[in-house]
**Student:** 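Okay, handing you the structure first.
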Amino acid sequence: QVRLVESGGGMVQTGDSLTLSCAASERTFNSYAMGWFRQFPGKDHEFVAAISWLSGSPDYPDSVKGRFIISRDKAQKTLYLQMNSLKPEDTAVYFCTARTQPYHTSGYYSKTWYDYWGQGTQVTVSS
């Protein structure tokens with residue numbers, strides 16, 4: 001069983017930077033892809049970033065492209081999200097996700113595609 005634990009959230013000001021981390025508890029952990037989603041109050045989860053675990057190839061939606069960078073350390077089994085030029089509209093609970101089961105069709109942009117989720121970490125950006 002895999003447990004994902006996020007850390008690094010907090011309260012910052014507009015324009016600041018923040019880096020989130022996500023550590024997998026299982027030493028035998030392997031995944032095809034990992035990602036970040038965020039949830040605004042009263043809203044559904046929104047895709048933030050995804051990365052191929054093997055190649056490191058990332059993808060982002062327009063809302064964060066050019067500002068956020070997703071990366072992973074395979075040896076440490078840790079996922080990161082570097083957030084730059086933060087805006088108040090980035091305020092949300094950020095979740096780390098992993099896809100560990102084989103697949104035929106990639107759906108990394110969809111929350112239903114992932115089989116493991118962390119508990120989330122709050123990021124608040126004040127104006």
Side-chain angles (χ1 to χ4, degrees):
Q1 298 296 317
V2 175
R3 183 166 62 92
L4 303 177
V5 181
E6 301 97 336
S7 62
M11 187 172 184
V12 297
Q13 295 181 339
T14 298
D16 284 353
S17 296
L18 199 64
T19 298
L20 307 181
S21 299
C22 172
S25 63
E26 176 59 56
R27 68 178 182 86
T28 62
F29 173 78
N30 281 300
S31 68
Y32 293 93
M34 296 189 73
W36 292 95
F37 285 77
R38 63 187 180 185
Q39 185 176 36
F40 306 113
K43 304 295 183 180
D44 202 358
H45 299 80
E46 177 184 273
F47 172 66
V48 174
I51 189 168
S52 167
W53 191 252
L54 180 61
S55 71
S57 179
D59 194 35
Y60 311 89
D62 290 341
S63 58
V64 307
K65 188 173 296 182
R67 298 190 298 121
F68 291 9
I69 301 173
I70 187 172
S71 62
R72 86 278 187 262
D73 186 323
K74 292 190 290 183
Q76 295 294 321
K77 302 185 185 300
T78 302
L79 180 73
Y80 301 96
L81 183 67
Q82 180 183 334
M83 303 182 291
N84 302 308
S85 301
L86 284 163
K87 308 172 182 179
E89 49 262 48
D90 294 318
T91 296
V93 178
Y94 285 72
F95 296 88
C96 169
T97 63
R99 171 79 186 206
T100 66
Q101 297 299 309
Y103 63 91
H104 296 286
T105 302
S106 177
Y108 60 84
Y109 50 86
S110 174
K111 68 177 183 180
T112 63
W113 190 69
Y114 297 88
D115 49 0
Y116 286 95
W117 285 69
Q119 292 298 114
T121 185
Q122 176 71 46
V123 173
T124 302
V125 185
S126 64
S127 59

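We count residues from 1, following the sequence as given.
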**Student:** Nearest heavy-atom pair of L18 and G10: which atoms, and what distance?
**Tutor:** CD2-N, 4.0 Å

**Student:** Indicate yes or no for a side-chain donor-acceptor contact from R27 to the backbone of F29 under 3.5 Å, with no hydrogens or angles considered.
**Tutor:** no

**Student:** Closest approach of R38 and A92, non-hydrogen atoms and distance?
**Tutor:**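 Scanning both residues, the minimum pair turns out to be CB-CB, 3.8 Å.
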
**Student:** If you round to the nearest 0.5 Å, how far is CG of L81 from OH of Y60?
**Tutor:** 8.0 Å

**Student:** Kindly indicate whether the side chain of L86, heavy atoms from C-beta on, has any atom under 4.5 Å from the side chain of F68.
**Tutor:**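 In contact.
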
**Student:** With a 4.5 Å cut-off on side-chain heavy atoms, are V123 and D90 touching?
**Tutor:** no

**Student:** Measure the CD-CG distance between Q39 and D44 for me, rounded to the nearest 0.5 Å.
**Tutor:**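 These two atoms lie 7.0 Å from each other.
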
**Student:** With the side chain counted from C-beta on, respond yes when E6 and L79 share a heavy-atom pair under 4.5 Å apart, and no when they do not.
**Tutor:**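 No; the side chains remain at least 4.5 Å from each other.
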
**Student:** Decide yes or no for P61 and E46: does some side-chain heavy atom of the first lie under 4.5 Å from some side-chain heavy atom of the second?
**Tutor:**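 Heavy-atom side-chain distance check fails, nothing below 4.5 Å.
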
**Student:** If every non-hydrogen atom of C22 is compared with every non-hydrogen atom of M34, which pair is closest and at what distance?
**Tutor:** SG-CE, 4.2 Å

**Student:** What is the distance from atom NZ of K111 to atom CZ of F37, rounded to the nearest 0.5 Å?
**Tutor:**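 One gets 9.0 Å once the value is rounded to the nearest 0.5 Å.
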
**Student:** How many angstroms lie between CZ in R3 and CD in E26, if you round to the nearest 0.5 Å?
**Tutor:**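 One gets 11.0 Å once the value is rounded to the nearest 0.5 Å.
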
**Student:** Can you name the nearest heavy-atom pair linking A33 to Y114, along with the distance?
**Tutor:** O-CE2, 4.3 Å

**Student:** To check you understand the geometry: which heavy-atom pair defines the closest contact between I70 and G35, and what is its length?
**Tutor:** CD1-CA, 4.3 Å

**Student:** How many angstroms lie between OG in S85 and CG in D16, if you round to the nearest 0.5 Å?
**Tutor:**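 So the OG of S85 and the CG of D16 are separated by 9.5 Å.
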
**Student:** Counting C-beta onward and ignoring hydrogens, is there a side-chain heavy-atom pair between V125 and T14 closer than 4.5 Å?
**Tutor:**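 Yes. Closest side-chain heavy atoms under 4.5 Å.
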
**Student:** Calculate, to the nearest 0.5 Å, the distance between atoms OH and CG belonging to Y108 and D59 respectively.
**Tutor:** 3.5 Å

**Student:** Considering residues, nucleotides and ligands other than Y80, do more than 12 of their heavy atoms fall under 6.0 Å from its OH?
**Tutor:**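 Yes, enclosed.
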
**Student:** Tell me which one of W113, W53, Y103 satisfies ring-ring contact (aromatic ring centres under 6.0 Å, His included) with Y32.
**Tutor:**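 By the ring-ring contact (aromatic ring centres under 6.0 Å, His included) criterion, Y32 pairs with just one of W113, W53, Y103: Y103.
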
**Student:** I need the minimum non-hydrogen distance between S17 and N84, along with the two atoms involved.
**Tutor:**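 Shortest heavy-atom contact: OG-OD1, 3.0 Å.
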
**Student:** Is the number of heavy atoms from other residues, nucleotides or ligands within 6.0 Å of CD (Q13) greater than 12?
**Tutor:** no

**Student:** Among F40, W36, F95, find the residue that satisfies the ring-ring contact (aromatic ring centres under 6.0 Å, His included) test when tested with H45.
**Tutor:**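 Exactly one candidate clears the test, F95.
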
**Student:** Between S71 and Q82, is a side chain to side chain contact (heavy atoms under 4.5 Å, CB included) present by the stated rule, with each step listed?
**Tutor:** CA-CA 8 Å; S71 62; Q82 180 183 334; over 6 Å; no

**Student:** Atom CD of residue position E89 - does it have more than 12 heavy atoms of other residues, nucleotides or ligands inside 6.0 Å?
**Tutor:** yes

**Student:** So does Q76 get a backbone contact from the side chain of T78, meaning a donor-acceptor N/O pair under 3.5 Å?
**Tutor:** yes

